[in-house]
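Single-structure report; data block below.
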Amino acid sequence: MHSALTEEQAQFIAVYGRRRVGKTFLIREVYDYCFCFQYTAAANLSSRKQLARFQLALREQGLKDVSTLTNWMTAFSELKRFIGLQPEGKKVVFFDELPWMDAPRSGFLSELEVFWNGWASARKDIVFIVCGSATSWMVKKNIKNKGGLHNRLNHRIALQPFTLHECEALLRSRGIVMTRRQILEGYMIFGGVPYYWSLLERGASLAQEIDRLMFMHDGELYDEFSMLYASLFKKPEPYIKVIELLAKKKMGLTRLELIKAGKFEDNGRLTEILHDLEWCGFIRGYSMIGHKVKDEIFQLMDHYTIFYFEFIKGKRRGKNYWQAMQGQSQHNTWCGLAFERVCLWHVDQIKMKLGISGVLTNEYAWQCRSDKETGREGVQIDLLIDRSDGIIDLCEMKYSKKEYAITADYEKELIQRKSTFAEVTKTKSAVHTIMVTADGLVQNTHIGEVQNDIILDDLFCK
């Protein structure tokens with residue numbers, strides 16, 4: 001975005017990502033809140049009302065004699081006239097929440113294409129920035145547009161949630177003191193969404209803040225779930241239905257399993273929903289090593305959504321609920337599963353600790369069902385790293401409040417897992433067992449099977 005100001009040709013940049021991830025903040029900070037023209041669309045407005053707001057924005061920013069805007073053709077014509085009145089130099093034009101401008105039968109998208117292709121792209125002084133939380137719209141109508149905007153973008157930025165390291169830096173900048181284990185638990189709830197973290201206040205414990213934000217009726221995040229999906233999808237119900245089904249299955253479901261469980265029609269609409277959710281970062285699609293792409297499994301990955309289904313939906317029980325949950329069995333079980341999700345969001349940090357950042361890898365999950373005839377027990381591995389250097393790392397992720405002790409029984413289980421994996425997949429790679437824990441391993445006689453261990457501090461690397 002900085003370099004766009006020095007390019008000799010007009011620049012068209014799209015920024016997209018899930019709601020609350022900081023897209024608008026990033027753009028404003030980069031350009032120091034100095035725009036030739038900026039407009040923020042409002043949700044669920046008719047084309048007439050959207051045009052009225054656009055007209056008001058032009059007036060407020062200097063075009064006092066703007067004519068009445070009856071359609072987007074006249075709106076872009078007036079915008080071009082306004083830009084033409086500005087002094088020489090780069091002119092940054094910023095459209096925020098672009099998908100909301102595209103009301104049904106408004107003709108907005110075709111006029112946007114004409115504005116860029118027929119006018120702005122022919123100039124040398126335009127930096128055109130668009131962003132939106134409705135990621136599926138941004139991808140389909142803007143980034144993968146098959147019409148007039150096809151291949152017109154100069155740059156696209158898929159803004160990702162913060163890592164643990166970045167969350168720690170944000171807290172430090174706000175003067176909030178937390179241990180890394182407390183930050184980990186916050187990440188299990190908020191994920192890396194900066195807005196959620198920015199709501200935390202100094203002087204209270206994390207549990208107190210979770211109660212205040214999520215379990216009190218006037219908390220800033222009390223209604224976040226309904227607002228989150230409604231802001232991204234015009235008809236959120238089928239999306240939420242898919243999310244609810246995936247929330248019940250830790251490893252996820254295939255498309256065919258979703259059709260059966262949710263009684264969806266076997267058509268392109270479900271595929272579209274899954275792609276939309278994946279583009280928004282709520283789910284991930286992954287394949288199991290040795291399986292075909294058609295067997296892709298979809299897994300819920302959004303920390304806040306998982307927390308909502310586990311502790312909020314139909315379960316709000318007073319303003320001190322989360323503080324009372326600390327140490328309860330349900331809380332402890334959730335910690336174990338949520339820690340695994342945190343690790344999956346930090347595969348780059350795991351690879352860095354293993355010293356394989358520069359090695360080409362593919363990440364998979366893997367499972368095989370028990371076989372009564374052979375006596376083989378079922379195996380489930382949430383993360384394996386298939387490396388181009390002839391090694392496959394089977395990552396075992398275990399959460400505990402102190403050093404994790406591998407027992408004799410668990411050592412046998414680790415050996416059996418590796419043996420079953422090698423036998424079923426018939427891999428020719430060396431198979432290593434990697435342990436990922438919060439505080440490391442107890443150094444006892446049962447750690448010989450572990451090739452490397454990774455601790456919480458390693459997940460905080462840049």
Taking the basic N atoms (NZ, or NE/NH1/NH2) and the acidic carboxylate oxygens, is any pair closer than 4.0 Å for [X] and [Y]?
| X | Y | result |
| --- | --- | --- |
| E272 | K140 | yes |
| K353 | D348 | no |
| E7 | K124 | no |
| R255 | D266 | yes |
| E224 | R20 | yes |
| K241 | E244 | no |

Below 6.0 angstrom between ring centroids: does that apply to [X] and [Y]?
| X | Y | result |
| --- | --- | --- |
| Y229 | F282 | yes |
| F307 | W322 | yes |
| Y286 | F298 | no |

* **Under the salt bridge (Lys or Arg N to Asp or Glu O under 4.0 Å) test, residues paired with D439 that sit two or more places apart** =>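 In terms of salt bridge (Lys or Arg N to Asp or Glu O under 4.0 Å), with neighbours along the sequence ignored, D439 is linked to R181.
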* Residue pair K91, D125: steps toward the salt bridge (charged side-chain N to carboxylate O under 4.0 Å, His left out) verdict -> CA-CA 6 Å; K91 300 166 183 64; D125 58 349; 2.9 Å; yes
Checking [Y] against [X]: is there a side-chain donor and acceptor pair closer than 3.5 Å?
| X | Y | answer |
| --- | --- | --- |
| N142 | W137 | no |
| T74 | N71 | yes |
| D211 | Q208 | no |
| Q330 | E310 | yes |

Backbone N/O of [Y] and side chain of [X]: donor-acceptor pair under 3.5 Å:
| X | Y | result |
| --- | --- | --- |
| Q86 | F82 | yes |
| N267 | R269 | yes |
| S77 | M73 | no |
| Q61 | Q38 | yes |
| T40 | D96 | no |
| Q182 | T179 | yes |
| K64 | R59 | yes |
| R152 | E113 | no |

Specify the closest pair of heavy atoms between [X] and [Y], including all atoms of both residues, with the distance to one decimal.
| X | Y | result |
| --- | --- | --- |
| R18 | C280 | CB-O, 3.4 Å |
| K235 | Y239 | O-CD1, 3.4 Å |
| M138 | A14 | CE-CB, 4.2 Å |
| A338 | H303 | O-CE1, 4.4 Å |
| I381 | M251 | O-CE, 4.3 Å |
| S47 | A103 | N-CB, 3.9 Å |

Should we say atom [atom1] of [X] is surrounded by more than 12 heavy atoms from elsewhere, each under 6.0 Å from it?
| X | atom1 | result |
| --- | --- | --- |
| R48 | CZ | no |
| N44 | CG | no |
| K49 | NZ | no |

Can you find a heavy atom in the side chain of [X] that is under 4.5 Å from one in the side chain of [Y]?
| X | Y | value |
| --- | --- | --- |
| F25 | L159 | no |
| I385 | R387 | yes |
| Y16 | I157 | no |
| I243 | I283 | yes |
| T254 | E296 | no |
| V92 | C34 | no |
| T361 | K351 | yes |
| F128 | F115 | yes |

So, taking the atom named [atom1] in [X] and the one named [atom2] in [Y], what distance separates them when rounded to the nearest 0.5 Å?
| X | Y | atom1 | atom2 | answer |
| --- | --- | --- | --- | --- |
| L98 | M101 | CG | CE | 6.5 Å |
| L344 | M301 | CG | CE | 4.5 Å |
| S67 | Q55 | OG | CD | 7.0 Å |
| W100 | F95 | CH2 | CZ | 15.5 Å |
| R28 | K23 | CZ | NZ | 11.5 Å |
| N332 | Y399 | CG | OH | 8.0 Å |

* Asked: Which pairs count as ring pair (Phe, Tyr, Trp, His ring centres under 6.0 Å) when at least one residue sits in residues 246-271, sequence neighbours excluded?
  ->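 Of all non-adjacent pairs touching residues 246-271, none passes ring pair (Phe, Tyr, Trp, His ring centres under 6.0 Å).
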* Asked: Quick one: which of Y187, F460, F162 gives a ring pair (Phe, Tyr, Trp, His ring centres under 6.0 Å) with H346?
  ->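 In the set Y187, F460, F162, the residue that makes a ring pair (Phe, Tyr, Trp, His ring centres under 6.0 Å) with H346 is Y187.
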* To do: Apply the test side chain to side chain contact (heavy atoms under 4.5 Å, CB included) to residues F12 and V130: give CA-CA distance (whole Å), side-chain angles for both, the deciding distance (0.1 Å), then the verdict.
  => CA-CA 8 Å; F12 190 179; V130 298; 3.8 Å; yes
* Asked: Using 30° and 60° as the class limits, which term best fits the ring planes of Y196 and F190: parallel, tilted or perpendicular?
  ->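 Taking F190 first and then Y196, their aromatic rings sit tilted (interplane angle of 30° to 60°).
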* **F37 and Y39 aromatic ring geometry - parallel, tilted or perpendicular at 30°/60° bounds** =>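 Judged by the thresholds at 30° and 60°, the geometry between Y39 and F37 is parallel.
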* Please lay out, stage by stage, how F54 and W72 fare under the test side chain to side chain contact (heavy atoms under 4.5 Å, CB included). => CA-CA 10 Å; F54 194 85; W72 283 110; 3.9 Å; yes
* To do: With sequence neighbours excluded, give me every salt bridge (charged side-chain N to carboxylate O under 4.0 Å, His left out) pair touching residues 156-175.
  =>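 Every salt bridge (charged side-chain N to carboxylate O under 4.0 Å, His left out) pair that includes a residue of residues 156-175, provided the two are not neighbours, is E168-R172, E168-R180.
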* To do: Quick one: do E257 and K260 satisfy side chain to side chain contact (heavy atoms under 4.5 Å, CB included)? Show the steps, please.
  => CA-CA 5 Å; E257 288 172 336; K260 183 178 179 180; 5.8 Å; no
* To do: Determine, step by step, whether F309 and F225 satisfy the ring-ring contact (aromatic ring centres under 6.0 Å, His included) criterion, reporting the C-alpha distance in whole Å, the side-chain angles of both residues, the deciding distance to 0.1 Å, and the verdict.
  => CA-CA 10 Å; F309 282 112; F225 183 84; 5.5 Å; yes
* Worked verdict on L394 versus I434 for side chain to side chain contact (heavy atoms under 4.5 Å, CB included) -> CA-CA 6 Å; L394 306 185; I434 309 297; over 6 Å; no
* **From R341, K250, Q299, residue fulfilling side chain to side chain donor-acceptor pair (under 3.5 Å) relative to D382** =>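 It is K250; the other options fail the test.
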